[in-house]
J.: 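Just passing along the structure, written as structure tokens.
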Amino acid sequence: MSLDTVKRREAIIDILCQESRVRVDTLSKQFDVSSVTIRNDLRYLEKKGCALRSYGGAMVNHKFAFDRPLQVKGRIDREIKTRIAKKAAEFVNNGNTLIIDSGSTTAEIVPFLKNYRDLVVMTNALNIAYELASFDNVDVMVLGGHIRKNSYSLYGSAAEQQLSQYRFDILFLGVDGFDIDAGITTPNSGEAHLNRIMCDVAHQIIAVADGTKFGRKSFCLIREARQIHRLITDSRIPSHYRQALTGFGVDVLVVDE
């Protein structure tokens, strides 16, 4: 796939997110390519799950987990995310070694760590590292690499090599999409690879996800749903998800019951 094709398809996704619907003829003129090329783009995006084709164009698939800016994510369900984060922090003990993944819900965990002692926290999120730096009781480790500006997160081979040298008690894993069959997914392949290593080096994987994340899928698999140890969420979790996860041996905690 050429770079021009990749950029054009990414631009079409941005338009879908903003306008919810696109037309072949409009896109053909905008990108100065044939209608056949645009139809191929929309067919590809439909196959990936982010678009639903319609007569003369396509519409956004709202069940797809798009890569939205952290500031936007942080404004969605802020109160419930704080409750999820507070519950997550209850599983921390003094002296623990933690990984805190990037994300709007994982960021909410940080204030609840202030009263713990002798913590070691590694993170790939610049905003989380900045806040933790003011805590006298926390030894902060920041993964190096390339910055994803949407999420203030770092990823890449340098981060992967650094992370693989350590072992941690708990990983607090952020979630873009959570589907029983498709697993835990994210739109960015580099971050997905880093998240998989996080899972490998952590003794306990705690996923934190508000109810909007269920039934959403994205391009890149992080972990099968059955492979996490604990899920902290809210009462919008579908009942069959809860039953299935419990059957897998996953501890499901619902903070607003």
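Since this is a predicted model, take the numbers as computed values, not measurements.
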J.: Test I222 against every option in I205, I184, V175 by the side-chain contact (heavy atoms from CB on, under 4.5 Å) rule and name the one that passes.
T.: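 Checked I205, I184, V175 against I222; only one passes side-chain contact (heavy atoms from CB on, under 4.5 Å): I184.
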J.: Under 3.5 Å, side chain of R83 to main-chain N/O of E79, donor-acceptor pair present?
T.: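 No; judged by distance alone, with no hydrogens or angles, the pair does not exist.
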J.: Is E191 reaching over with its side chain to a backbone N or O of N188, donor-acceptor style, under 3.5 angstrom?
T.: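 Flag not set: sc E191 to bb N188 has no pair under 3.5 Å.
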J.: Can you tell whether the side chains of K213 and D210 come within less than 4.0 Å, N to carboxylate O?
T.: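 Yes, this pair counts.
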J.: Is it true that a side-chain atom of T186 and a backbone atom of C220 form a donor plus acceptor pair closer than 3.5 Å?
T.: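 No; judged by distance alone, with no hydrogens or angles, the pair does not exist.
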J.: Any non-hydrogen side-chain atom of F168 less than 4.5 Å from a side-chain atom of Q204?
T.: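 Not touching, per the 4.5 Å side-chain cut-off.
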J.: Short question: side chain of S102, backbone of A125 - any donor-acceptor pair under 3.5 Å?
T.: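 Not a single qualifying donor-acceptor pair exists.
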J.: If you measure from the Lys or Arg side-chain nitrogens to the Asp or Glu carboxylate oxygens, is any gap between E90 and K87 under 4.0 Å?
T.: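 Counted as a salt bridge, because a side-chain N and a carboxylate O are separated by less than 4.0 Å.
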J.: Can a side-chain donor-acceptor contact be found between S35 and R39 if the only test is distance below 3.5 angstrom?
T.: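 Yes, because at least one side-chain N or O of R39 sits under 3.5 Å from a partner of the opposite role on S35.
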J.: Would you check if the side chain of N96 reaches a backbone N or O of L119 as a donor-acceptor pair within less than 3.5 Å?
T.: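 No; judged by distance alone, with no hydrogens or angles, the pair does not exist.
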J.: Spell out, as yes or no, whether a donor-acceptor pair under 3.5 Å connects the side chain of T105 to the backbone of K81.
T.: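 Not at all, since once roles are kept as given, no pair shorter than 3.5 Å links the two residues.
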J.: What orientation do F178 and Y241 show, parallel under 30°, tilted 30 to 60°, or perpendicular over 60°?
T.: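 Plane angle between 30° and 60°, so tilted.
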J.: Using atom types as modelled and distance alone, determine if a side-chain donor or acceptor of H229 lies under 3.5 Å from a backbone N or O of I206.
T.: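 Absent.
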J.: How about I147 and Y152: do any of their side-chain heavy atoms sit closer than 4.5 Å?
T.: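 When only atoms from C-beta onward are counted, Y152 and I147 do not touch, as no gap falls below 4.5 Å.
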J.: Are any side-chain N or O atoms of S28 and backbone N or O atoms of V33, one a donor and one an acceptor, separated by less than 3.5 Å?
T.: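 Between the backbone of V33 and the side chain of S28 there is a qualifying donor-acceptor contact (under 3.5 Å).
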J.: Donor-acceptor check, side chain of R196 to backbone of L221, threshold 3.5 angstrom: yes or no?
T.: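 Between the backbone of L221 and the side chain of R196 there is a qualifying donor-acceptor contact (under 3.5 Å).
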J.: Restricting to non-hydrogen atoms, name the atom on E131 and the atom on A107 that form the minimum distance, rounded to 0.1 Å.
T.: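 Looking at all heavy atoms of both residues, the shortest contact is OE1-O, 4.4 Å.
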J.: Do N124 side-chain atoms and S153 backbone N/O form a donor-acceptor pair below 3.5 Å?
T.: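 It does not hold such a pair.
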J.: Does atom OH (Y130) have a neighbourhood of more than 12 heavy atoms from anything else shown, all under 6.0 Å?
T.: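 Not buried by this count: 12 neighbours or fewer within 6.0 Å.
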J.: I'd like to check R236 versus T212 (side-chain heavy atoms, cut-off strictly below 4.5 Å). Are they in contact?
T.: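 With C-beta onward as the side chain, the pair touches.
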J.: Mark yes or no: R230 above the aromatic ring of F91, with NZ or CZ under 6.0 Å from the six-membered ring centre and no more than 45 degrees from the axis.
T.: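 Yes, a cation-pi geometry.
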J.: With side chains defined as the heavy atoms from C-beta onward, is the minimum distance between T106 and V208 less than 4.5 Å?
T.: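 Contact flag for T106/V208 side chains = yes.
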J.: Parallel, tilted or perpendicular for Y155 and H146, by the 30°/60° rule?
T.: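 Y155 and H146: tilted rings.
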J.: Have S235 and E257 got a donor and an acceptor in their side chains that come within less than 3.5 Å?
T.: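 Judged by distance alone, the side chains do not pair up.
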J.: Which atoms form the tightest heavy-atom contact between V254 and D234, and what is the distance?
T.: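 Closest approach of V254 to D234, heavy atoms only: CG1-C, 3.5 Å.
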J.: For R8, is there an ion pair with D41 - N to carboxylate O distance below 4.0 angstrom?
T.: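 Between R8 and D41 there is a salt bridge, with a charged N closer than 4.0 Å to a carboxylate O.
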J.: Regarding D176 and S218, do their side chains bring together a donor and an acceptor under 3.5 Å, going by distance alone?
T.: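 Looking only at side-chain atoms, S218 and D176 do not form any donor-acceptor pair under 3.5 Å.
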